There are 2 protein chains.
Amino acid sequence: MEMKQLPEKMARMTPQRRVILEALRKSGNHPSADRVYELVREKLPHVSMGTVYRNLETLAEAGMIQRLELGPGPRHYDAGIKEHYHIRCLQCGKIEDTLVELPSGLDRAARIKTGFQVVGHELEFVGYCPGCAKNIGKIKIK
Amino acid sequence: MEMKQLPEKMARMTPQRRVILEALRKSGNHPSADRVYELVREKLPHVSMGTVYRNLETLAEAGMIQRLELGPGPRHYDAGIKEHYHIRCLQCGKIEDTLVELPSGLDRAARIKTGFQVVGHELEFVGYCPGCAKNIGKIKIK
DNA sequence: AAGTTACTAGTAATCATTACTATCTCTAGA
DNA sequence: TCTAGAGATAGTAATGATTACTAGTAACTT
């Protein structure tokens with residue numbers, strides 16, 4: 001009896017789920033659920049927002065994608081699953097990867113300091129992307 | 001002509017603003033706006049949610065408190081303004097400080113890697129607090 | 001084929017936050 | 001001291017993001 005090796009929480013790889021995952025992978029960026037929805041609708045015009053949210057959640061729990069809880073506004077998703085960090089533009093909201101490395105043993109240090117059973121960490125840089133940095137100062141509010 | 005040295009964005013220290021700041025300082029924890037609202041209402045029963053949000057925002061812009069954009073759910077606020085990091089319990093949502101130190105020059109490294117003008121960073125550990133860790137595994141979903 | 005479970009579209013409800021409006025209160029200048 | 005205008009407030013409405021619900025569909029198991 002052969003069994004597909006799908007992660008626990010995921011019993012089936014449905015067409016919707018597959019298209020959602022592909023959309024995320026192809027988007028390159030770090031899209032919000034809303035953006036993924038737009039992309040998926042090009043292939044599956046009748047997909048519902050709920051399906052997109054549910055599957056992004058399921059894929060994240062299965063460890064196939066990453067949920068990013070960065071800054072204000074909507075949650076973002078990332079098709080890359082190996083550890084890396086992000087930087088967010090305070091002006092335009094763009095999110096990019098950074099390849100900065102943190103010292104190993106950081107989680108262990110946090111465990112020792114806090115007594116928590118540490119599962120991981122998330123690091124976000126904030127600043128202004130090159131495009132926006134150029135215009136800062138020129139912008140007058142109001 | 002004497003002038004009170006209030007931060008730019010903040011023309012006056014109103015009673016509401018003062019009570020909000022005190023509530024945050026006394027709470028010790030890292031309360032959400034909702035929790036601050038509860039605390040403030042003990043002193044000012046007629047305060048409005050909008051006033052709480054507006055002032056937390058104003059105080060944060062003035063650099064007198066910190067906004068924390070951590071994990072899912074509501075935003076949290078922190079009366080401490082010197083740099084430190086946080087750890088969040090995945091089970092109960094509790095947020096605590098950690099005294100873990102990061103290497104200096106991290107922001108500079110991020111700037112070089114990304115080309116962004118880096119303003120700062122936020123680091124969050126996630127895991128299970130001692131109380132919840134004890135019960136993990138005992139909990140059966142459904 | 002029948003029963004069971006996972007999943008879906010469509011929609012409603014909820015939660016967190018922001019925006020709006022009329023009113024009030026400081027402050028500065030005439 | 002009176003007054004105009006900016007800043008702030010309470011109360012409420014609106015928005016945006018996410019989750020929950022419902023009835024129906026598709027796939028797997030025996």
Side-chain angles (χ1 to χ4, degrees), chain A residues 1-21 23 30-38 40-41 43-62 64-65 67-77 93 95 141-142, chain B residues 1-21 23 30-38 40-62 64 67-77 93 95 141-142:
Chain A
M1 173 189 163
E2 180 62 26
M3 181 160 181
K4 285 253 196 63
Q5 259 311 96
L6 283 173
E8 282 194 340
K9 305 256 178 180
M10 203 183 300
R12 302 170 195 164
M13 178 55 76
T14 63
Q16 290 89 340
R17 190 165 290 164
R18 185 185 313 280
V19 173
I20 287 166
L21 182 56
H30 302 81
S32 61
D34 201 62
R35 177 76 186 124
V36 173
Y37 177 60
E38 282 177 24
V40 169
R41 266 199 306 183
K43 296 251 165 115
L44 303 171
H46 292 293
V47 78
S48 83
M49 202 64 212
T51 298
V52 171
Y53 269 103
R54 182 165 22 77
N55 279 297
L56 288 171
E57 190 61 26
T58 306
L59 289 163
E61 275 179 31
M64 299 177 72
I65 67 173
R67 275 171 55 144
L68 305 179
E69 305 275 357
L70 303 174
R75 185 180 299 158
H76 292 254
Y77 297 87
I95 295 168
I141 307 296
K142 177 59 186 293
Chain B
M1 175 191 161
E2 181 62 26
M3 180 159 183
K4 286 249 197 66
Q5 260 310 95
L6 283 173
E8 281 194 340
K9 305 258 175 179
M10 201 182 301
R12 303 171 195 162
M13 177 56 75
T14 63
Q16 289 89 342
R17 188 165 291 164
R18 184 185 312 281
V19 173
I20 287 166
L21 182 56
H30 300 82
S32 62
D34 201 61
R35 177 75 187 125
V36 174
Y37 178 57
E38 283 178 23
V40 170
R41 265 199 306 183
E42 293 174 10
K43 296 253 166 112
L44 304 171
H46 292 293
V47 77
S48 83
M49 202 63 213
T51 298
V52 171
Y53 269 104
R54 183 166 20 76
N55 279 298
L56 288 171
E57 190 61 26
T58 305
L59 289 163
E61 276 180 31
M64 299 177 73
R67 275 172 54 144
L68 305 180
E69 304 276 358
L70 302 175
R75 183 180 300 155
H76 293 252
Y77 296 87
I95 296 169
I141 307 296
K142 176 59 184 294

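Model, not experiment: these values are computed from the prediction. A note on names: the letters A, B, ... follow the listed sequences, proteins ahead of strands, and every chain is numbered from 1.
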Within the 3.5 Å criterion, strictly below it, is a donor on A:Arg35 or A:Ser32 matched to an acceptor on the partner's side chain?
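Per modelled atom types, A:Arg35 and A:Ser32 side chains form no pair under 3.5 Å.
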Who are the side chain to side chain contact (heavy atoms under 4.5 Å, CB included) partners of B:Val19, not counting sequence neighbours?
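Applying side chain to side chain contact (heavy atoms under 4.5 Å, CB included) to B:Val19 gives B:Val40, B:Lys43, B:Leu44.
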Give the rounded distance in Å between these two atoms: [atom1] of [X] and [atom2] of [N].
X       : N      : atom1 : atom2 : answer
B:Arg18 : C:dT25 : CZ    : P     : 17 Å
B:Tyr37 : C:dA16 : OH    : P     : 14 Å
B:Leu59 : D:dG7  : CG    : P     : 17 Å
A:Met13 : D:dA26 : CE    : C1'   : 16 Å
B:Arg35 : C:dC15 : CZ    : P     : 18 Å
B:Arg17 : C:dC26 : CZ    : P     : 13 Å

Heavy atoms, side chains only, cut-off 4.5 Å: are B:Arg18 and B:Leu21 in contact?
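A side-chain contact is absent here, since even the closest heavy-atom pair is not under 4.5 Å.
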Would you give a per-nucleotide map of nucleotides 10-24 of chain D, 5' to 3', where B means the base has a protein non-hydrogen atom under 4.0 Å away, S means only the sugar-phosphate does, and - means neither?
BB-----SBB-----
Check for a donor-acceptor pair, side chain of A:His76 on one end and backbone N or O of A:His30 on the other, with a separation under 3.5 Å.
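Side chain of A:His76 to backbone of A:His30: a pair is present.
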Closest heavy-atom pair and its distance - A:Gln16, A:Val47
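In terms of heavy atoms, the two residues are closest at CG-CG2, 4.4 Å.
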Partners of A:Arg67 by side-chain hydrogen bond (donor to acceptor under 3.5 Å, both in side chains), sequence neighbours excluded?
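A:Arg67: side-chain hydrogen bond (donor to acceptor under 3.5 Å, both in side chains) contacts with A:Glu57, A:Glu69.
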Would you state whether a donor and an acceptor, one from the side chain of B:Arg12 and one from the base of D:dT9, lie under 3.5 Å apart?
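Answer no: no donor N or O sits under 3.5 Å from an acceptor.
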